[in-house]
Amino acid sequence: MKNTFKVMLIGSFVFLFNSWILNAQVRDSSSLKDLHTFNIYFINGYALSYDFYKSDKFYLRAELDISTNKSDIDDEGRSVYGSTTIDNNKIDGNRVNEYFYVGFSPQIIVPVFSTSFGQLYLGCGPSLGYSVRKSSYEEQRISDTGTSSGFTNSNNETYYDAGVLVIGGVKAFIADNISLFAEVHLNGGITWLKEENNNVSSNSISASIISSRSIESDGWFYDARFIRLGVSLSL
């Protein structure tokens, strides 16, 4: 009886496995060629790309990439000058850091190895990027003698990038119109930077002191994101 059950179990597994193989073999790249494919990136930056042309040897893609983050941290403590009893200041501060990036890249994607279960592919294309980094720090000091002083620093950096994006990826077919993918993105090119920095300090005795500077520069940049995960939907 046990042997019969084992045979039935193994036979059922073989039948289901063969059915899955045959069903996967029916689907190839040409069956999805006329569908609209959207690729949604949700790990290591948010992005959306659209495969707007497909052939048997390559397909074209347009990608919109967005990344952002922000931190807001409050500082509280004391500082000592000279000794523990003279000019003992209480400090209240606030730090804010913000980052925003948006990029666009048209790409050509070439499958280098395809099976019924997945695909390996390479791609490249020009890239354009715009990013902003902002940081600010505000500090207020109140001494035990009643005097107060304040300090504010703000720094804004704006980048404009033009370069080439190289992609390597692997895709696993989950269902007829759903796939999971993992990609490596290597981006490099020319960047232009505009930086503005402002400092304001004041106290209860003297007037405010203000200083500022503005710098423009250019150079080369390189960016590597070794793992980007997402899901592809063909509609």
Side-chain angles (χ1 to χ4, degrees), residues 24-25 27-71 97-133 157-193 217-235:
Q25 289 176 344
R27 178 169 50 58
D28 54 19
S29 60
S30 61
S31 65
L32 300 177
K33 185 167 59 176
D34 297 328
L35 297 178
H36 301 279
T37 300
F38 297 89
N39 309 292
I40 304 171
Y41 297 77
F42 51 83
I43 296 295
N44 207 352
Y46 298 101
L48 175 65
S49 64
Y50 171 61
D51 299 341
F52 58 91
Y53 175 80
K54 298 180 182 179
S55 70
D56 294 334
K57 295 184 179 180
F58 69 92
Y59 51 94
L60 302 180
R61 172 184 295 177
E63 179 181 318
L64 182 64
D65 195 346
I66 297 176
S67 299
T68 182
N69 62 63
K70 180 179 181 179
S71 63
N97 295 287
E98 299 179 73
Y99 173 73
F100 173 77
Y101 169 81
V102 59
F104 175 75
S105 174
Q107 306 154 8
I108 179 171
I109 306 296
V110 179
V112 295
F113 181 74
S114 299
T115 69
S116 302
F117 310 103
Q119 185 182 86
L120 295 175
Y121 55 90
L122 298 174
C124 66
S127 64
L128 297 174
Y130 167 81
S131 60
V132 177
R133 296 180 184 271
E157 299 178 357
T158 303
Y159 296 84
Y160 300 90
D161 302 331
V164 176
L165 177 65
V166 178
I167 297 173
V170 56
K171 178 180 294 186
F173 301 134
I174 304 302
D176 285 343
N177 297 340
I178 301 176
S179 304
L180 295 178
F181 64 85
E183 292 182 354
V184 176
H185 283 205
L186 305 177
N187 194 15
I190 303 174
T191 185
W192 295 267
L193 166 64
S217 55
D218 59 75
W220 299 94
F221 80 95
Y222 173 76
D223 176 64
R225 282 182 275 184
F226 292 105
I227 182 66
R228 299 202 70 182
L229 302 180
V231 58
S232 295
L233 304 175
S234 297
L235 307 175

Stepwise side-chain contact (heavy atoms from CB on, under 4.5 Å) check, Ile178 with Leu233: CA-CA 5 Å; Ile178 301 176; Leu233 304 175; 4.0 Å; yes
Can you establish whether the number of heavy atoms outside Phe52 located under 6.0 Å from its atom CZ is more than 12? yes
Considering all heavy atoms, the nearest Ser105-Pro126 contact: OG-O, 2.8 Å
Just by distance, no angles: are the side chains of Thr37 and Ser232 close enough, under 3.5 Å, to form a donor-acceptor pair? no
Donor-acceptor pair, side chain of Ser179 and main chain of Lys171, under 3.5 angstrom: no
State, with a plain yes or no, whether a side-chain heavy atom of Gln107 is found less than 4.5 Å away from one of Glu63. yes
Please output the side-chain donor-acceptor pairs of residues 180-190 that fall under 3.5 Å, not counting sequence neighbours, one pair per line with the distance.
from, atom 1, to, atom 2, distance (Å)
Glu183, OE1, Tyr41, OH, 2.7
Glu183, OE1, His185, NE2, 2.7
Glu183, OE2, Tyr41, OH, 3.4
Glu183, OE2, Arg61, NH1, 3.2
Glu183, OE2, Tyr121, OH, 2.6
Asn187, OD1, Ser127, OG, 3.0

Can you give each donor-acceptor pair under 3.5 Å made by side-chain atoms of residues 161-168, sequence neighbours left out, with the distance rounded to 0.1 Å?
from, atom 1, to, atom 2, distance (Å)
Asp161, OD1, Thr191, OG1, 2.5

When rounded to the nearest 0.5 Å, the distance separating CG of Asn39 from CG of Leu48 is 8.0 Å
Non-neighbouring partners of Tyr159 that pass side-chain hydrogen bond (donor to acceptor under 3.5 Å, both in side chains), sequence neighbours left out: Glu157
What's the shortest heavy-atom distance between Gln119 and Tyr59, and which atoms? OE1-OH, 3.7 Å
Sorted by chain and residue number, the side-chain contact (heavy atoms from CB on, under 4.5 Å) partners of Ser67 (sequence neighbours excluded) come out as Asp65, Tyr99, Tyr101, Arg225
At what distance, to the nearest 0.5 angstrom, does OG of Ser234 lie from CG of Asp176? 10.0 Å
Straight-line distance of Asp218 CG to Phe221 CZ, nearest 0.5 Å: 13.0 Å
So does Leu235 get a backbone contact from the side chain of Asn177, meaning a donor-acceptor N/O pair under 3.5 Å? no
Tell me, do Asp51 and Leu60 make a side-chain contact under 4.5 Å, heavy atoms counted? no
Between Phe100 and Tyr130, what is the ring plane arrangement, given parallel below 30°, perpendicular above 60°, and tilted in between? perpendicular
Any chance you could measure Phe173, atom CZ, to Ser114, atom OG, to the nearest 0.5 Å? 6.5 Å
Hey, what do you get for CG (Leu193) to CZ (Arg133), rounding to the nearest 0.5 Å? 10.5 Å
Could you go through the side-chain contact (heavy atoms from CB on, under 4.5 Å) check for Val231 and Phe42 one step at a time? CA-CA 8 Å; Val231 58; Phe42 51 83; 4.2 Å; yes
Partner residues of Tyr50 under the side-chain hydrogen bond (donor to acceptor under 3.5 Å, both in side chains) criterion, sequence neighbours left out: His36
What pairs with Thr158 under side-chain hydrogen bond (donor to acceptor under 3.5 Å, both in side chains), at least two apart in sequence or on another chain? none
